[in-house]
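Residue numbering restarts at 1 for every chain, and letters A, B, ... go by the order of the sequence lines.
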There are 2 protein chains.
Amino acid sequence: MRMKLVPNLQEQVASHLRLRILSGQLAPGTPFREQVLAEEFGVSRGPIRDALLTLTKEGLLHGRPNVGVRVAAAPSPFKRAVIVNLRREIEGAALARWFQTRDAALLERLDANLAEYQRACAASEFGRVVELDMAFHRLLVESAEDGSLVDVWLPVILRMFLRYSRHRMLVESYQEHAAVVAAMHAGDEAGAIALLRAHIV
Amino acid sequence: MRMKLVPNLQEQVASHLRLRILSGQLAPGTPFREQVLAEEFGVSRGPIRDALLTLTKEGLLHGRPNVGVRVAAAPSPFKRAVIVNLRREIEGAALARWFQTRDAALLERLDANLAEYQRACAASEFGRVVELDMAFHRLLVESAEDGSLVDVWLPVILRMFLRYSRHRMLVESYQEHAAVVAAMHAGDEAGAIALLRAHIV
DNA sequence: CGATTGTTAATTGTCAACAAACCACGTTAA
DNA sequence: TTAACGTGGTTTGTTGACAATTAACAATCG
């Protein structure tokens, strides 16, 4: 069994740019030029193009043919309301499915996530908190049916995290995560799902 | 004012392959080789790669790095159930929003779609029916807020139409579409939304 | 006989050069 | 003055060649 040691260049570039966009440092409309990025990453424009196309399909970039891509604007209130319900549906379904097996491995990973989350909060590592926040929800979605929902879930949550102003409420978000996990430990299915849905805002 | 006469090669290729996959002729797991497609379309591998990446993100193809892409399998019952709810949420929200304006232009387009749908049914033009079925729902989604929901809606419905066995019920599907439009004409918001949600299965 | 290791053919990943499209700017003419 | 029209420079779109990786098969060893 071998883990992939060196992922594709396009994946490395996409991951790097994803974090850069989600950090919220870049204003909507900021252009991403292929040549500039190619020189910055030390690769040719090929992998850059693939990465930009990926991020565009994920909703983080907005592209017009023959013009280029720019950082996408945050979704409108209407669109955001729809997206919130989509996330609730997906993650709620995943959590409901977990209660059919109650696999302990997931609980361990969630506990580890909470511990690291708490540490990052105390250290005020802002970017790390965003990562851990998304990782928490990703663990839930991945637990259901070998992660078959991840591909539909990812574009949804990425659009929500685009210029997400709620990351400031670090402690509050942590407590809500912890409450969900506590309900899972207690075997309270309805309570866990209700807490999770209420947490997604 | 000029319409784009010749869209990008990658878009032409993607559209063509999309229809080929949705037609249901190709069994899940059928490989898509870049070189083969490049020769078939008479272009180089570049645009083909972009098209395959697009279709992969849309859920129609399943790809592994350094190996290639294959026609994706139909979603599992669990995943399909989730996707059904996602479509209901998106299209229901779009329809609810239409009732705030009741723009007549949409009704005209839907009536035209129904007429053409009926004709294609009578002529048993199977592929055309699939197109019109999706076009009907697309019109609904595009009507809300300048089509801002289309990008999240498209990957969802494409996954549902992947090897969709329900297209055989041509007349039944037409009648359900017509019932939704009739409720819209009558100004019955709750009824239209209920009919639409019940139609998505 | 089974498992492991080389070898090879096929396929994807990457690159650099060239072609086509777009945008801003200055010019021209009504 | 203003609108239309070229024009130059910048950026994306496309291409073909080359490198890296994979999977299947053959040979080898325990």
Listed by chain and number, what are the ring-ring contact (aromatic ring centres under 6.0 Å, His included) partners of B/Phe32, not counting sequence neighbours?
none
Using ring-ring contact (aromatic ring centres under 6.0 Å, His included) as the criterion, list what pairs up with A/Phe41, not counting sequence neighbours.
A/His16
Filter on side-chain hydrogen bond (donor to acceptor under 3.5 Å, both in side chains), then keep only pairs touching residues 62-71 of chain A, sequence neighbours left out; what's left?
none
Quick one: salt bridge (Lys or Arg N to Asp or Glu O under 4.0 Å) partners of B/Arg102, sequence neighbours excluded?
none
Can you check nucleotides 8-12 of chain D for protein contacts, nitrogen or oxygen pairs under 3.5 Å, and list what you find?
unit_1, atom_1, unit_2, atom_2, d
D/dT11, OP1, A/Arg33, NH1, 3.4
D/dT12, OP2, A/Glu34, N, 3.4
D/dT12, O3', A/Asn66, N, 3.4

Roughly, in whole Å, what's the span from [atom1] in [X] to [atom2] in [N]?
{"X": "B/Phe41", "N": "D/dT14", "atom1": "CZ", "atom2": "C1'", "answer": "16 Å"}
{"X": "B/Glu39", "N": "D/dT15", "atom1": "CD", "atom2": "C1'", "answer": "14 Å"}
{"X": "B/Arg70", "N": "D/dA23", "atom1": "CZ", "atom2": "C1'", "answer": "11 Å"}
{"X": "B/Ile48", "N": "D/dG16", "atom1": "CD1", "atom2": "P", "answer": "12 Å"}

Identify each atom pair where a protein N or O and an N or O of nucleotides 6-9 of chain C are less than 3.5 Å apart, giving names and distance.
none

Below 30° counts as parallel, above 60° as perpendicular, anything between as tilted: where do the rings of A/His199 and A/His177 land?
perpendicular
Before accepting this row, confirm whether a basic side-chain N of the pair A/Arg97/A/Glu145 lies closer than 4.0 Å to the acidic partner's carboxylate O.
yes
Salt bridge or not for A/Arg109 and A/Asp103, using N-O below 4.0 Å?
no
Among A/Leu55, A/Leu52, A/Leu17, which residue satisfies the side chain to side chain contact (heavy atoms under 4.5 Å, CB included) criterion with A/Leu60?
A/Leu55
